[in-house]
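Here is the structure we will look at.
Note on naming: letters A, B, ... go to the chains in the order of the sequence lines (proteins, then strands), and numbering restarts at 1 for each one. Just so it is clear, the model here is predicted, and its values are computed rather than measured.
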Number of protein chains: 2
Amino acid sequence: MGQRGRPRGFDRDTALRTAMEVFWKYGYDGASMTRLTTEMGIASPSLYACFGSKEGLFREAVELYGSTVGAPAQRALEEAPTAYEGIRALLRANIVTFADPERPPGCMVVLAAAAGSARNEEVSAFVTERRQAVRELFRQRLERGVAAGDVPATADLGTLAALYTTVLHGLAVQARDGATTEELQAIIESAMLSAPRADR
Amino acid sequence: MGQRGRPRGFDRDTALRTAMEVFWKYGYDGASMTRLTTEMGIASPSLYACFGSKEGLFREAVELYGSTVGAPAQRALEEAPTAYEGIRALLRANIVTFADPERPPGCMVVLAAAAGSARNEEVSAFVTERRQAVRELFRQRLERGVAAGDVPATADLGTLAALYTTVLHGLAVQARDGATTEELQAIIESAMLSAPRADR
DNA sequence: AGATTTCTGTGTCGATCGACACAGAAATGA
DNA sequence: TCATTTCTGTGTCGATCGACACAGAAATCT
């Protein structure tokens, strides 16, 4: 069969990656079509034909963010021997990208559409959903920790998951405000001191 | 002398308070002139004559936020007997407004211009500055705590201040995502467990 | 009263927003 | 070859953005 018609003149993955960076840097509203198409090196009709709409492009960009930027952190969470070590590893992995001078500061999902900021209601709901998913990830890992015995069964897992999610979001804001990797690292270590252990 | 000319047909303070709510709810970019003037009940020339520009109005709105919404929290920080109790009290006071159903969820300063989101670079810098000021407030209170003996002199005050700032910012995001006062309260209690005491 | 000053309402400005129509270019299939 | 399909570039659409010009209305001062 093969591909009929004129082949696409740009690489879809490359263009999407560029779009992700633009959304990451400027947010959903701040990333105008002009800015997007200029950075991506394509004209807007190509963008619409390829991604449907600005919102569709954003959704794909968030997916890509999760499966590339976020993946190592998530793997670190799962593969660590204990829940707390996993959470610490996830936070550490995240701040590396948060404060990477080569990339926009902070977390795309946290900052790209700070809720009411985005004019599009559905976009806000989408990123909110994504943030909740991370909290759920924390909770599941903590449950595994209880099963494995490295988290006391008396711990309030929902609150703990919410706490670490809160710290993660806060770290994104700190990074946006110019905090260095070292500073963020120190914050993580301080935050992890609150982890309930069997001996307390 | 008295006032010359036609007197203003609206109350400046009331209009400013309304503007604060609009910025709080929709963010700097999301709060369009149309939305602002409609809610404030005035025409745009009156707004420009009274506040200079949209940015000027925003700056005054942030000042008002700090001196009204933020004041009780700041007072709680200062008046508490110990630094940790003060910080806990500040966080508690904040989440009451963060999750107040009568007001926009979350913190205006944290969410209204999530850095790159705002097209205006100076607006971003302004809110960043405001956020740093809160961190400095934490640090000074911790220093007082060291002097008073309720915080160990070995503690890294800069990091501690950054940690609580991080939690505060994270709480704002959680509130925006729909967390209740109870949930936020539980997060605070968990976070405060990490406070370094003399006996560790 | 009349001059002066200040505020308000209507209307509109150029710029920019997201979105797409349309025609031409570039590939494949028959 | 040539019909078909698909993508690209130019141009533009109505809506909306922030910002203000202008004239009339409403107060004070002389």
Side-chain angles (χ1 to χ4, degrees), chain A residues 1-16 18-19 22-23 25-62 112-113 116-124 126, chain B residues 1-16 18-19 22-23 25-62 112-113 116-124 126:
Chain A
M1 182 73 80
Q3 290 291 0
R4 288 285 293 263
R6 175 177 176 175
R8 190 176 286 127
F10 59 95
D11 184 62
R12 193 183 196 276
D13 293 343
T14 305
L16 180 57
T18 305
V22 176
F23 280 127
K25 188 171 182 180
Y26 299 101
Y28 181 76
D29 288 331
S32 68
M33 287 297 297
T34 305
R35 191 122 57 176
L36 283 166
T37 53
T38 302
E39 295 277 341
M40 295 166 79
I42 62 174
S44 64
S46 298
L47 190 155
Y48 277 88
C50 193
F51 300 100
S53 65
K54 183 186 177 183
E55 183 180 333
L57 176 63
F58 179 74
R59 286 174 185 267
E60 284 204 45
V62 172
S117 167
R119 288 184 174 88
N120 192 327
E121 200 69 41
E122 296 175 10
V123 170
S124 300
F126 180 66
Chain B
M1 182 71 82
Q3 290 292 359
R4 289 283 293 262
R6 173 175 176 174
R8 190 175 288 127
F10 60 95
D11 184 62
R12 193 183 197 275
D13 293 343
T14 304
L16 180 57
T18 305
V22 176
F23 280 127
K25 187 169 182 181
Y26 299 102
Y28 181 76
D29 287 331
S32 67
M33 287 298 296
T34 304
R35 191 123 55 178
L36 284 167
T37 53
T38 302
E39 295 277 339
M40 296 166 79
I42 63 174
S44 64
S46 297
L47 190 154
Y48 278 88
C50 193
F51 300 100
S53 64
K54 182 186 176 182
E55 183 180 335
L57 177 62
F58 179 73
R59 286 174 185 269
E60 285 205 45
V62 172
S117 167
R119 287 185 175 86
N120 193 328
E121 200 68 41
E122 295 175 11
V123 169
S124 300
F126 179 66

Could you pull out every donor-acceptor pair under 3.5 Å between side chains of residues 30-37 of chain B and any protein atom, sequence neighbours left out?
unit_1  : atom_1 : unit_2  : atom_2 : d
B/Ser32 : OG     : B/Arg35 : N      : 3.2
B/Arg35 : NH2    : B/Gly30 : O      : 3.3
B/Thr37 : OG1    : B/Met33 : O      : 2.8
B/Thr37 : OG1    : B/Thr34 : O      : 3.1

What residues 37-55 of chain B contributes to the DNA chain D interface at heavy-atom separation below 4.0 Å is B/Ser44, B/Pro45, B/Tyr48, B/Lys54
So, is B/Thr34 near the phosphate of D/dT16, with a side-chain N or O under 4.0 Å from OP1 or OP2? no
What is the distance, rounded to the nearest whole Å, between atom OH of A/Tyr28 and atom C1' of C/dC17? 12 Å
The reported gap from CG in B/Leu16 to CG in B/Asp11 (rounded to nearest 0.5 angstrom) is 10.0 Å
Qualifying residues under side-chain contact (heavy atoms from CB on, under 4.5 Å), relative to A/Arg8, sequence neighbours excluded: A/Phe10, A/Arg12, A/Cys50
Under a 3.5 Å cut-off for both distances, is C/dA27 Watson-Crick or wobble paired, and to whom? D/dT4
Plane angle bin for A/Tyr28 and A/Phe23 - parallel if under 30°, tilted between 30 and 60°, otherwise perpendicular: parallel
Near-strand residues of residues 5-13 of chain B, defined as heavy-atom separation under 4.0 angstrom from DNA chain D: B/Gly5, B/Arg6, B/Pro7
Here the salt bridge (charged side-chain N to carboxylate O under 4.0 Å, His left out) pairs for residues 46-55 of chain B, sequence neighbours left out, are B/Glu55-B/Arg59
Rounded to whole angstroms, how far apart are CG on A/Asp29 and P on D/dA15? 20 Å
Partner residues of A/Ser44 under the side chain to side chain donor-acceptor pair (under 3.5 Å) criterion, sequence neighbours left out: none
Gap separating the CZ atom of B/Phe58 from the CZ atom of B/Phe126, nearest 0.5 angstrom: 7.0 Å
Measuring from atom CD1 of A/Ile42 to atom OG1 of A/Thr14, what distance do you get when rounded to the nearest 0.5 angstrom? 11.0 Å
In whole Å, what is the span from the CE atom of A/Met33 to the P atom of D/dG9? 14 Å
Rounded to whole Å, how long is the line connecting atom CZ of B/Arg4 with atom P of C/dG2? 18 Å
